[in-house]
Amino acid sequence: MTSRRSEPVNWATTRRLGGRSLAWRLTLMAVGSVALVLGTTVGSDLEWPFGSMGQYAFSVPDDGDVHSPGVEADTVDGQTVQVPLTPSGVGVRRAEVEAQQHLIQGDPSRLQAIAVAAAARHPNWPRYRTLRVVDDVTHLREGRVAGTSHDVLATWDVVDPEHPQPVGTP
C-alpha cells in the first residue's frame, strides 16, 4: 500500500480572502470576544459558554469554608427530603438555585415553583408542605475538616400543598 503525501502549498497560486469574507470573519471574532469578556466580567454560569464559570475560578483557603447549597422539603407525610435539583427531578438544576439564591432569600415565594414542578412531574411523590434553601457548610482549619453546619437561608410554606399552583394563580 502506498502512502499519500500532501503536496506542499504553493503560496503563489493560493487565493487570498476577499474583502467581504475577511470582514465577516473579523466581525464574528469581535462579537465572540465581546461576549466572552462580558460573560466573564458581569455574567453568571447561566450564560455558558460565555459565562464566568465561577465555580472553577477559586480555591478554598486552608482556614476557609466550603458551601454546598441545596433545597430540602418537609412533605405532607411528615418526612424531610432532599429536593432533587436535576432536569429529571424538579426540572431545576442546583446551579440555577445557586445563581438565584439572593433573589429567593429576598422573595421565598419563588420556591412555590419547585412544589408545582414536583407535583406536575411526579404525581406519585408526596407533596411538599415546606421548602427550605439550605447551605451545608464544611469548615476547614489548616486544610482539614474542623466541623460542619447546616444553615437555613430561606423558608417557604407551600400554598395548598396537596394541589400546588404558581403564586398569584387563583
Side-chain angles (χ1 to χ4, degrees), residues 31-170:
V31 168
S33 297
V34 167
L36 186 62
V37 168
L38 287 175
T40 300
T41 57
V42 298
S44 72
D45 294 336
L46 296 176
E47 286 89 26
W48 187 89
F50 298 106
S52 67
M53 299 300 286
Q55 71 267 35
Y56 303 113
F58 64 92
S59 64
V60 177
D62 286 347
D63 291 332
D65 295 324
V66 178
H67 295 268
S68 181
V71 177
E72 64 184 23
D74 294 333
T75 68
V76 294
D77 297 344
Q79 296 179 334
T80 299
V81 298
Q82 289 294 317
V83 174
L85 299 175
T86 62
S88 62
V90 294
V92 176
R93 296 178 191 267
R94 180 178 141 169
E96 294 172 272
V97 171
E98 287 181 41
Q100 295 192 26
Q101 184 175 316
H102 65 286
L103 297 172
I104 295 169
Q105 285 178 267
D107 181 11
S109 70
R110 291 171 175 265
L111 293 171
Q112 180 79 15
I114 291 176
V116 172
R121 290 169 168 264
H122 305 284
N124 296 328
W125 284 8
R127 299 293 185 251
Y128 298 151
R129 180 177 304 285
T130 303
L131 289 158
R132 288 180 295 280
V133 174
V134 297
D135 189 13
D136 291 318
V137 184
T138 302
H139 308 283
L140 303 176
R141 298 300 167 257
E142 297 179 7
R144 300 195 190 301
V145 175
T148 59
S149 61
H150 182 78
D151 303 327
V152 177
L153 306 177
T155 301
W156 176 252
D157 291 323
V158 175
V159 177
D160 191 10
E162 291 293 342
H163 306 94
Q165 298 295 317
V167 175
T169 303

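All values reported here derive from a predicted model rather than from experimental measurement. Computed over heavy atoms, backbone and side chain alike; hydrogens, waters and symmetry mates excluded.
- Atom NE2 of H150 is surrounded by more than 12 heavy atoms from other residues, nucleotides or ligands within 6.0 Å.
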* To do: Decide side chain to side chain contact (heavy atoms under 4.5 Å, CB included) for Q112 and V158; before the verdict, give the C-alpha distance in whole Å, the side-chain angles of both, and the deciding distance to 0.1 Å.
  => CA-CA 6 Å; Q112 180 79 15; V158 175; 3.7 Å; yes

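- Looking at T75, its side chain does come within 3.5 Å of a backbone N or O of D77 through a donor-acceptor pair.
- In plain terms, the two heavy atoms of S149 and H139 that are nearest each other are OG-NE2, 3.0 Å.
- The aromatic rings of W125 and Y128 are tilted relative to each other, their planes meeting at an angle between 30° and 60°.
- Nearest heavy-atom pair, V167 versus S109, reported as atom, atom and distance to 0.1 Å: CG2-O, 3.7 Å.
- With V90 as reference, I114 is the one residue of V116, V71, I114 to meet the side chain to side chain contact (heavy atoms under 4.5 Å, CB included) rule.
- The backbone N or O of E142 sits less than 3.5 Å from a side-chain atom of D63, completing a donor-acceptor pair.
- Side chain of R121 to backbone of P87: a donor-acceptor contact under 3.5 angstrom is found.
- Among V134, V133, L131, V97, the one residue that satisfies the side chain to side chain contact (heavy atoms under 4.5 Å, CB included) test with V83 is L131.
- Using a 4.0 Å cut-off between charged nitrogen and carboxylate oxygen, E72 and R132 count as a salt-bridge pair.
- Closest of all the heavy-atom pairs between R127 and P161 is CB-O, 3.1 Å.
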